[in-house]
Novice: 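I am attaching a structure below and will ask some questions about it afterwards.
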Amino acid sequence: MSSSRNRIAATVLASLAVTGCATKSDNADNGSVDGIQLGPGMSESTLTLGVITDLSGPFAVQGMPALDGLKLVTDQINEDGGICGRFAVDLDVQDSGSDVQKATQAYDSMEEDVLALVQTLGAPVNTALIPRFTQDQIVNVPMAWGRSLLDWEGNAVPGGFYDTDMANGLSYLLQEDLIEDGDTVGHIYFTGEYGENGLAGAEHVADERNLNITGAEVSPTDVDMTALVQRFADEGVDAIALSVGPNQTASAVSVAVAEDLDVPIVMNNPAFAPGLLDSPIGEALRTNGHVANSFSPSFTGTSDDLAAAWSQANPDDEPTSTVVAGAGMGEIIRQVLEKACADGDMTREGLLAAKASLDELTTLGLVVPLDLSGGDTTRSSNILRPADVPGGLEIVASSYTGPITEGLE
């Protein structure tokens, strides 16, 4: 997709020292047009959204396809005449490489020239920027699902938190009699908010249903799960939970197969990648794997327009769930912008008010239904099974809310 068609204003990060935290724009508006108050990053015919993502670091495998999905939506907006038929959407895309300092520099460089942020990638980046978001009163659609995001009311979290997904995943296993009260679950989880939130969801279900959680904390750089899964096998665990990345999943499942540990496997979304189905553990994932997340695994059954746009631009590639997630984030910010425009207030304060009013937001099935008015955006998750279908996953329970999940805090 061409840069002109996507209206991308790509910016190269400079290796500058982080400047002070004073807000350069003071959130001042840019005047008005036809009775619509204009905020930072706006002209009479355009608005600019900031994107701080990973295009070169450890999570570029997520950042690049998510950006492709976002571009599908912004292209569609612009082809349809722009937000409320007037404002074309530009994207100021900056690469953080998942480095917090670089992300902060990127935000400093763009803050006065963007109306809102979309697809800010990574829990550490979002957590570090929350004080700035709060000071600048800026709406942000994060590409992260940690509970610390609740510290800023302007975060439009695109789905359930990691603990919600894990709780729903285990609730589904209980509902389907794949595990039962009193069983033991071996849970491998990353250090940091993602893994800790995933563990909290598992422990919540354990408290309610008398499960035993055998936890194993690992670093994202730890890729050999042999000793941990062998311990699970020796202890006779009845299921495995994974709040890790695809590399750790590949190792954990291969060891489980070698140890004849034929048990259900429930994963937070970052633990799965479609390419795993083409690896030696593919059959084990098809047989035992379950993934809980907030997104459709493909455009099938969602937006025909987005599916057609993807096929035209990528005739030889199927969209992954990360592409769909990126499109879902684009649809969320589109609806916030449309509501603010309809209200005649596209200042940052106007966007915050518009976000808070969207308590029943749907996205054609790209994302589970959301409530952006405050607190958890959803207690629902899609429960998916690895399969040889577009995106590598098929939904077995859509917008599923386990009875145990309702009490999660």
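Counting from 1, the numbers follow the sequence of the chain as shown. Keep in mind it's a predicted model, so treat the numbers as computed, not measured.
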Novice: Is any side-chain heavy atom of Val139 closer than 4.5 Å to one of Leu352?
Specialist: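 Sidechains of Val139 and Leu352: in contact.
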Novice: Could you tell me whether the side chains of Asn288 and Asp262 share a donor-acceptor contact shorter than 3.5 Å?
Specialist: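 Asn288 vs Asp262: donor-acceptor pair found between side chains.
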Novice: What's the spacing between Leu91 CG and Leu70 CG if we round to 0.5 Å?
Specialist: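 Spacing of CG (Leu91) from CG (Leu70) equals 5.0 Å.
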Novice: Do Glu203 side-chain atoms and Ile213 backbone N/O form a donor-acceptor pair below 3.5 Å?
Specialist: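 Here the side-chain-to-backbone pair does not exist.
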Novice: Thr127 and Ser148: side-chain donor and acceptor closer than 3.5 Å?
Specialist: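 Yes, a side-chain donor-acceptor pair sits under 3.5 Å.
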Novice: Would you say the side chains of Ser254 and Ser251 form a donor-acceptor pair under 3.5 Å?
Specialist: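 Looking only at side-chain atoms, Ser251 and Ser254 do not form any donor-acceptor pair under 3.5 Å.
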Novice: Going by distance alone, is a donor N or O of one side chain under 3.5 Å from an acceptor N or O of the other, for Asn268 and Ser243?
Specialist: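 There is such a pair (donor and acceptor under 3.5 Å, judged by atom type) between the side chains of Asn268 and Ser243.
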Novice: Is there a donor-acceptor pair under 3.5 Å between the side chain of Asn269 and the backbone N or O of Asn293?
Specialist: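 Checking the backbone N and O of Asn293 against the side chain of Asn269, no donor-acceptor pair under 3.5 Å is found.
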Novice: Given 3.5 Å as the limit, does a donor-acceptor pair link the side chain of Glu111 with the main chain of Asp108, or not?
Specialist: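 Looks like no, no N/O pair under 3.5 Å.
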Novice: With distance as the sole criterion, is a donor-acceptor pair present between the side chains of Ser56 and Asp95 under 3.5 Å?
Specialist: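 Result is yes, a qualifying pair exists.
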Novice: Taking salt bridge (Lys or Arg N to Asp or Glu O under 4.0 Å) as the cut-off, I'd like each qualifying pair that reaches into residues 278-293, sequence neighbours left out, listed once.
Specialist: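 Found Glu283-Arg286, Arg286-Asp388.
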Novice: Can you see whether Thr46 engages Asp90 through a side-chain donor-acceptor pair at a distance of less than 3.5 angstrom?
Specialist: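 No, because no side-chain N or O of Thr46 sits under 3.5 Å from a partner of the opposite role on Asp90.
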Novice: Donor-acceptor pair, distance only, cut-off 3.5 Å: does the side chain of Lys355 make one with the backbone of Leu372?
Specialist: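 Answer holds: yes.
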Novice: Classify the side-chain pair Asn140/Thr120 by whether it contains a donor and acceptor separated by less than 3.5 Å.
Specialist: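 The criterion, which ignores hydrogens and geometry beyond distance, is satisfied for Thr120 and Asn140.
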Novice: Quick one about Ser373 and Asp359 (side-chain donor to acceptor, distance below 3.5 Å, no hydrogens or angles considered), yes or no?
Specialist: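 Distance-only check fails for Asp359 and Ser373.
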Novice: Can we say Asp183 and Arg209 salt-bridge, meaning some charged N sits less than 4.0 Å from an Asp/Glu carboxylate O?
Specialist: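 Judged by the 4.0 Å cut-off on N to carboxylate O distance, Asp183 and Arg209 do not form a salt bridge.
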Novice: Regarding Asp224 and Thr226, is there a side-chain donor-to-acceptor distance under 3.5 Å anywhere?
Specialist: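 Per modelled atom types, Asp224 and Thr226 side chains form a pair under 3.5 Å.
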Novice: What I want to check is whether the side chains of Thr302 and Ser296 have a donor and an acceptor closer together than 3.5 Å.
Specialist: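 Side chains of Thr302 and Ser296: no pair found under 3.5 Å.
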Novice: Just by modelled atom types, is the Phe59 backbone N or O under 3.5 Å from a matching donor or acceptor in the Asp54 side chain?
Specialist: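 It does hold such a pair.
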Novice: For Asp136 and Tyr107, which I'm curious about, is there any donor-acceptor pair between the side chains at under 3.5 Å?
Specialist: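 Yes, Tyr107 and Asp136 have a side-chain donor paired with an acceptor closer than 3.5 Å.
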Novice: For a quick check under 3.5 Å, do Thr184 and Glu235 share a side-chain donor-acceptor pair by atom type?
Specialist: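 The criterion, which ignores hydrogens and geometry beyond distance, is not satisfied for Glu235 and Thr184.
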Novice: Give me the ring orientation class for Trp145 and Tyr162: parallel if the planes are under 30° apart, tilted from 30 to 60°, perpendicular past 60°.
Specialist: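 Because their plane-to-plane angle is over 60°, the rings of Trp145 and Tyr162 count as perpendicular.
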Novice: For a quick check under 3.5 Å, do Thr53 and Gln119 share a side-chain donor-acceptor pair by atom type?
Specialist: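 Not at all, the side chains of Thr53 and Gln119 share no donor-acceptor pair under 3.5 Å.
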Novice: Got His204 and Asp207 here, is their nearest side-chain heavy-atom distance under 4.5 Å?
Specialist: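 Heavy-atom side-chain distance check fails, nothing below 4.5 Å.
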